[in-house]
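Take a look at the structure set out below.
Read the numbers this way: they start at 1 and go in the same order the structure lists the ligands and their atoms. From a predicted model like this one, the values you see are computed outputs, not experimental measurements.
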Amino acid sequence: MPYPYVLLSAAVSLDGYLDDTGPDRLLLSSPADFDRVDEVRASVDAILIGAGTIRADNPRLLVNSPERRAARVADGRPEYPLKVTVTATGDLDPAANFWHTGGEKLVYTTDEGAEPASGALGRTADVVSLGPDLDWRALLEHLHDVRGVRRLMVEGGGTVHTQLLQQGLADELQLVLAPLFVGAPAAPRLFGPGSYQGGRLRLTETRRIEDVVLMRYEPTAPGTGPAPAAADRHWLRTACELAALCPPSQTAFSVGAVVVAADGTELARGYSREGGDSVVHAEEAALAKIDPADPRLPGATVYSSLEPCTRRASRPAPCAELILRAGVRRVVTAWREPDTFVTAADGTGALLSAGVAAVVLPEYEALAKQPNAHLLP
Ligand SMILES: NC(=O)c1ccc[n+]([C@@H]2O[C@H](COP(=O)([O-])OP(=O)(O)OC[C@H]3O[C@@H](n4cnc5c(N)ncnc54)[C@H](OP(=O)(O)O)[C@@H]3O)[C@@H](O)[C@H]2O)c1
Ligand SMILES: [Zn+2]
């Protein structure tokens, strides 16, 4: 189930609009920022926009710099990123610039939209139906697995950005604030109403670019249930990186763990053999730092680089048990426990049978193994 890294990119007016109501596209960014966007485009495998933006703006979505295109080719990548759009109606104008410039084109649609889209476009683009509805997770999985996309830039419009953020699927938001007002209630807004899954976003950068400001954010809130959210990847990577702090051992794994509340607040972190306790496990060390009565625990997610243990000689309670006792209902791990120290550990199975959403993201297994290379065959 790996997805590409999803980077949302947008420019807004001070009053939060993406455009005005006039027939031409409102230029919100500054020239130097358009060049920055060109650089981001050159760094991705694919660029996605909604069909509404094709109809409203008729964009080309090119990498304009010949040097950046040459660098892509020198790296063995196509000169231009793949261009992707989504439509439910299939209402696509075959004369739009989108189809006649840049790299390969791909349309994701529904069973209903597939025929009109294919009819309009012929061989200009690949048309993929995702079934009766367009499911964004299915789209991201298809882009990753079938088209080899590892980095996806999403350039709007508002309905697309809103869905990806509300579903917790955006890894990063690059937002440019332009110093002007639109003031037209009928103009498109960047973000629509609804419930957002991102929690309080983490501000990772602010940069002045001529008269605009670039702000970069990452969502922090864990996913819910078995479906992974983009923020799960961030926290699991953090857990894997914590494992590097473990005092070395020949007889136990090096593991890192983080406990995160539903709103994205970090509650605690820990790692194996932390603080001079030669047998403490990562999840145990992290949970011990949280008041057992903390009301955020039942909604929290435990991230652990290795799945929680089910049997251990060093302490009476294995970590899977400690997690259940803490009332945590969701666990995300990178690596299933191998038979190195105990056979058939299956912490994931134990948690699942206790009704916990136990999610394994195997794309982080290699990172989780890194500090344990000396223990593995
Ligand atoms: N300032 C900026 O950074 C920026 C960037 C991009 C766009 N814009 C502005 O944004 C405006 C357009 O935004 P918008 O929100 O109207 O359009 P949009 O998000 O580009 O496209 C919306 C369309 O995409 C398709 N779509 C979206 N979600 C879908 C789903 N889950 N399943 C199937 N189809 C789906 C639908 O196409 P069908 O209707 O064909 O079914 C929908 O009408 C324009 O005014 C443009 O200038 C500004
Ligand atoms: Zn343990």
Would you kindly specify which portion of [X] sits under 4.0 Å from ligand 1, judged on non-hydrogen atoms: side chain, backbone, both or neither?
{"X": "Ala56", "result": "side chain"}
{"X": "Leu28", "result": "side chain"}
{"X": "Asp19", "result": "side chain"}
{"X": "Arg55", "result": "side chain"}
{"X": "Gln163", "result": "side chain"}

Non-hydrogen atoms of [X] versus ligand 1: any pair closer than 4.0 Å?
{"X": "Val86", "answer": "yes"}
{"X": "Glu155", "answer": "yes"}
{"X": "Tyr108", "answer": "no"}

> Are any of the side-chain heavy atoms of Pro59 and Asn97 separated by less than 4.5 Å?
Replying inline: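 They are not in side-chain contact.
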> Are Val331 and Glu283 side-chain neighbours, meaning at least one heavy-atom pair lies under 4.5 Å?
Replying inline: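 The answer is no; the side chains never approach within 4.5 Å.
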Within the 4.0 Å heavy-atom shell around [X], which atoms of ligand 1 are there?
{"X": "Ala51", "result": "21 (O), 23 (C), 24 (O), 37 (O), 40 (O)"}
{"X": "Gly50", "result": "18 (P), 20 (O), 21 (O), 24 (O)"}
{"X": "Trp136", "result": "31 (N)"}

> ND1 (His281) to the Zn ion (ligand 2) to SG (Cys309): angle, nearest 10 degrees?
Replying inline: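 It rounds to 100°.
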> With no hydrogens and no angle check, is any side-chain donor or acceptor of Asp38 less than 3.5 Å from a backbone partner on Asn64?
Replying inline: yes
Nearest option to [atom], as decided by whichever heavy atom of [options] sits closest:
{"atom": "atom 46 (C) of ligand 1", "options": "Thr162, Leu48, Asp57", "result": "Asp57"}
{"atom": "atom 34 (N) of ligand 1", "options": "Gly156, Ala88, Ala178, Ser13", "result": "Ala88"}
{"atom": "atom 23 (C) of ligand 1", "options": "Pro188, Gly52, Gly192, Gly157", "result": "Gly52"}
{"atom": "atom 14 (P) of ligand 1", "options": "Ser9, Ala10, Gly158", "result": "Gly158"}

> Do the numbers put Lys83 on top of the ring of Phe98, so that NZ or CZ is under 6.0 Å from the six-membered ring centre and no more than 45° off the axis?
Replying inline: yes
Would you kindly say whether [X] and [Y] are connected by a side-chain donor-acceptor distance under 3.5 Å?
{"X": "Thr204", "Y": "Glu218", "value": "no"}
{"X": "Glu112", "Y": "Thr110", "value": "no"}
{"X": "Arg202", "Y": "His234", "value": "yes"}
{"X": "Arg330", "Y": "Thr224", "value": "no"}

Quick one: look up the protein heavy atom nearest [atom] and list residue, atom name and how far away it is.
{"atom": "atom 32 (N) of ligand 1", "answer": "Leu134 CB, 3.3 Å"}
{"atom": "atom 20 (O) of ligand 1", "answer": "Thr53 OG1, 2.5 Å"}
{"atom": "atom 3 (O) of ligand 1", "answer": "Ala11 N, 3.0 Å"}
{"atom": "atom 15 (O) of ligand 1", "answer": "Thr159 N, 3.0 Å"}

> Less than 4.0 Å between atom 6 (C) of ligand 1 and some protein heavy atom, yes or no?
Replying inline: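 Within 4.0 Å of atom 6 (C) of ligand 1, protein heavy atoms are found.
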> Could any protein non-hydrogen atom be found less than 4.0 Å from atom 26 (N) of ligand 1?
Replying inline: yes
>> Is it the case that over 12 heavy atoms from other parts of the model lie below 6.0 angstrom from the CD atom of Glu104?
In response: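 Open.
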> Got a sec: does the CZ of Arg60 have more than 12 other heavy atoms crowding it under 6.0 Å?
Replying inline: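 No, the 6.0 Å shell around CZ holds no more than 12 heavy atoms from other groups.
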> Looking at ligand 1, does any of its N/O atoms fall within less than 3.5 Å of an N/O of Gly90?
Replying inline: no
> Looking only at N/O atoms, are Thr110 and ligand 1 under 3.5 Å apart anywhere?
Replying inline: no
Should the pair [X]-[Y] be classified as a salt bridge under the 4.0 Å nitrogen-to-oxygen rule?
{"X": "Glu363", "Y": "Arg233", "value": "no"}
{"X": "Asp33", "Y": "Arg36", "value": "yes"}
{"X": "Arg151", "Y": "Asp171", "value": "no"}
{"X": "Arg137", "Y": "Asp135", "value": "no"}

